[in-house]
Amino acid sequence: MRYQRPKGTQDILPEEAPRWRFVERTFRDICRRFGYSEIRTPIFEETELFVRSVGEDTDIVSKEMYTFEDKGGRSLTLRAEGTAPAVRAFVEENLQGQDRERLVKLYYIAPIFRQDKPQAGRYRQHHQAGIEAIGSPEPAVDAEVIDLALSFYRALGIEGTRLLINSVGCPVCAPGYVDELRASVADSVEHMCRDCRRRYDTNPLRLLDCKEETCRRVLDNAPTMLDSLCGECAEHFAGLREHLEALDIAYEIDTRIVRGLDYYTKTAFEFRHDALGAQDSIGGGGRYDGLVEQCGGPAIPGVGLGIGIERVLLVREALGLADEEQPREGSFIVTIGDEAWLPGYRLLHDLRGAGVKAEIDYRRRSIRAQMRYADAQGYLNAVILGGDEIARGIATVRDMLSGEQEEVPLEALAEHLKGDAQE
RNA sequence: GUGGGCGUAGCUCAACGGCAGAGCACCUGACUGUGGCUCAGGUGGUUGUGGGUUCGAGUCCCAUCGCCCACCCCA
């Protein structure tokens with residue numbers, strides 16, 4: 001019986017892992033610069049956490065969660081989203097401490113599981129690099145979160161990222177807007193697509209997202225959330241724009257940006273890149289001022305962001321961005337003949353003990369094959385041990401870049417090769 | 001979840017219903033103790049899987065799995 005990986009998952013092979021490490025390392029470095037600390041939460045949570053925070057009527061909760069029951073009869077769900085677990089931990093572990101206005105800044109790199117139909121750039125297990133800034137209502141923090149994302153993209157060499165922003169209001173103004181939206185569409189709803197007729201009842205904000213020509217025409221004349229914001233939300237949105245502009249961050253206002261998670265309030269934003277196909281969102285997030293309280297914590301605001309690592313890698317590939325060059329390093333021990341084998345094997349052990357990357361050919365093939373392998377594997381030196389060398393107590397060290405060779409006494413080798421790496 | 005396209009060597013791809021091939025990669029040798037360049041030779045396949053039609057199926061039909069594209073949704 002042959003087995004396949006589950007649909008929509010991928011193996012990250014040795015050849016690709018360096019690209020992942022590069023992206024992860026870059027993200028950690030940016031987070032460090034911005035003062036965010038890492039948090040790692042379990043890969044599964046109580047199902048209720050996602051249901052109540054993300055929202056029962058969202059696609060994520062209603063049809064995409066990997067939910068199972070454990071032997072104790074508890075309903076658990078594989079991490080469907082990054083924010084809720086971080087907020088849960090924030091509340092449960094009281095990360096804020098006594099200072100109720102302290103800003104807590106967290107980041108994570110974690111797998112996310114959604115049982116959606118796979119296509120290019122969409123997987124059932126994908127990975128998000130995310131941040132959460134919990135504790136401040138200031139729009140300057142929203143702008144910082146956006147700035148961090150753009151800094152990250154830039155550090156990866158990704159040009160051409162578009163930033164779309166919107167405000168989805170708050171519990172004060174959003175319900176009024178929903179009523180307004182319903183009212184403006186009411187007369188035309190029977191001419192709209194089937195999805196929209198359903199959305200009209202269940203989640204009218206999603207009407208704004210519809211791409212059907214007839215639906216769009218109806219929505220063109222509909223009021224926008226931005227026109228219906230309450231004073232506080234309007235002020236916050238203006239503050240966001242002001243701070244983005246202070247940083248020279250270009251943005252487009254797109255009143256159709258809604259985000260598929262119910263906890264968002266005020267700011268909603270998304271990063272897109274034209275190098276991708278239909279799945280062109282490479283990151284997104286927004287403010288969630290009611291979520292912490294809803295998760296059993298104090299009534300404090302928060303804002304966060306999630307970036308899809310797979311999508312970022314796809315953009316880098318589409319833009320033809322080269323992989324990081326791996327510098328040559330280490331020593332490959334080339335043994336010739338039986339008398340060199342055990343001394344070579346011992347040398348291998350000693351070099352590793354001295355911190356030098358080293359390998360040997362267990363197949364004991366020809367010197368030619370060993371040299372070819374050493375070259376292909378990116379070794380900086382070939383340490384050649386044959387009858388001559390053994391008799392004289394030395395090794396021939398060949399620099400694989402220059403081709404220059406020198407003879408080094410065996411006992412001095414580890415010291416000699418230590419710290420050797422390509423400039 | 002709906003609709004369409006595609007699954008052949010490690011990779012990229014050929015093969016009218018009639019002997020499963022090429023390039024790259026890999027291995028060996030030319031170079032008897034030295035990688036890259038060149039040349040010669042070689043290994044490598046249950047044609048995704050299971051059925052069916054046929055004298056004969058990589059090719060046609062059905063099913064199934066996976067990937068890709070679009071919708072939807074999202075990262």
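None of these values were measured; they are calculated from a predicted model. A note on names: the letters A, B, ... follow the listed sequences, proteins ahead of strands, and every chain is numbered from 1.
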Touch class at under 4.0 angstrom, heavy-atom based, for A/Gly8 against every strand present: sugar-phosphate

Closest to side chain of A/Arg311, choosing from B/C73, B/G36, B/C74: B/C74

A/Asp375, nearest nucleotide to its side chain (from B/G36, B/C67, B/C74): B/G36

Distance test, side-chain N/O of A/Gln370 to OP1/OP2 of B/G35, below 4.0 Å: no

Whole angstrom value for the distance that separates P of B/C31 from CZ of A/Arg372: 15 Å

Side-chain heavy-atom pair A/Leu380, A/Leu401 within 4.5 angstrom cut-off: yes

Touch class at under 4.0 angstrom, heavy-atom based, for A/Ala382 against every strand present: nothing

Distance-only donor-acceptor check, side chains A/Gln405 and A/Arg398, under 3.5 Å: yes

Any N/O donor-acceptor pair, A/Glu389 side-chain to B/G33 base, under 3.5 Å: yes

Sugar-phosphate, base or nothing in reach of A/Lys117, heavy atoms under 4.0 Å: base

A/Thr9 or A/His127, whichever maps to the more 5' nucleotide of RNA chain B: A/Thr9

Sugar-phosphate, base or nothing in reach of A/Gln125, heavy atoms under 4.0 Å: nothing

Touch class at under 4.0 angstrom, heavy-atom based, for A/Tyr123 against every strand present: base

Watson-Crick/G-U partner (both atom distances under 3.5 Å) of B/C73: none

B/G29: pairing nucleotide in any strand, Watson-Crick or G-U under 3.5 angstrom: B/C39

d(CD, A/Glu310; C1', B/C74) in whole Å: 13 Å

Touch class at under 4.0 angstrom, heavy-atom based, for A/Gly403 against every strand present: base

Distance, P atom - from B/U43 to B/U34, rounded to whole angstrom: 27 Å

Sugar-phosphate only, base, or nothing, as touched by A/Gly387 at under 4.0 Å among non-hydrogen atoms: base

Sugar-phosphate only, base, or nothing, as touched by A/Gly82 at under 4.0 Å among non-hydrogen atoms: nothing

Sugar-phosphate only, base, or nothing, as touched by A/Gln4 at under 4.0 Å among non-hydrogen atoms: sugar-phosphate

Sugar-phosphate only, base, or nothing, as touched by A/Arg114 at under 4.0 Å among non-hydrogen atoms: base

Gap between atoms CZ and C1', on A/Arg363 and B/C27 respectively (whole Å): 8 Å

A/Thr396, nearest nucleotide to its side chain (from B/C72, B/U34, B/A75): B/U34

Rounded interatomic separation in angstrom, taking CZ from A/Arg5 and C1' from B/C65: 12 Å

Euclidean distance for P, B/G4 against B/U64 (whole angstrom): 14 Å

Separation of the P atoms in B/G50 and B/G18, to the nearest angstrom: 23 Å

Between B/G48 and B/G58 - C1' atom distance, rounded Å: 12 Å

Polar contact flag, side-chain donor to acceptor under 3.5 angstrom, A/Glu159-A/Tyr153: no

Sugar-phosphate, base or nothing in reach of A/Gln405, heavy atoms under 4.0 Å: base

A/Asn166 versus A/Thr255, side-chain donor and acceptor atoms under 3.5 Å: no

B/U32 OP1/OP2 closer than 4.0 Å to side-chain N/O of A/Arg368: no

Test item: side-chain donor near acceptor, A/Glu144 and A/His243, under 3.5 Å: no

d(CD, A/Glu406; C1', B/U34) in whole Å: 16 Å

Touch class at under 4.0 angstrom, heavy-atom based, for A/Ile336 against every strand present: base

Gap in Å between the two P atoms, one belonging to B/C31 and one to B/U47, rounded: 41 Å

Candidates A/Ile257, A/Leu163, A/Ile282 - the one meeting side chain to side chain contact (heavy atoms under 4.5 Å, CB included) with A/Glu270: A/Ile257

Paired nucleotide for B/G7 [Watson-Crick or G-U wobble; both distances under 3.5 Å]: B/C65

Nucleotide forming a Watson-Crick or wobble pair with B/G21, both distances under 3.5 Å: B/C13

Among B/C74, B/G35, B/C73, the nucleotide that comes nearest once only the side chain of A/Arg328 is considered: B/G35

A/Arg364 CZ to B/G33 C1', straight-line distance once rounded to whole Å: 17 Å

Neighbour count above 12 (heavy atom, 6.0 Å) for A/Asp338 CG: no

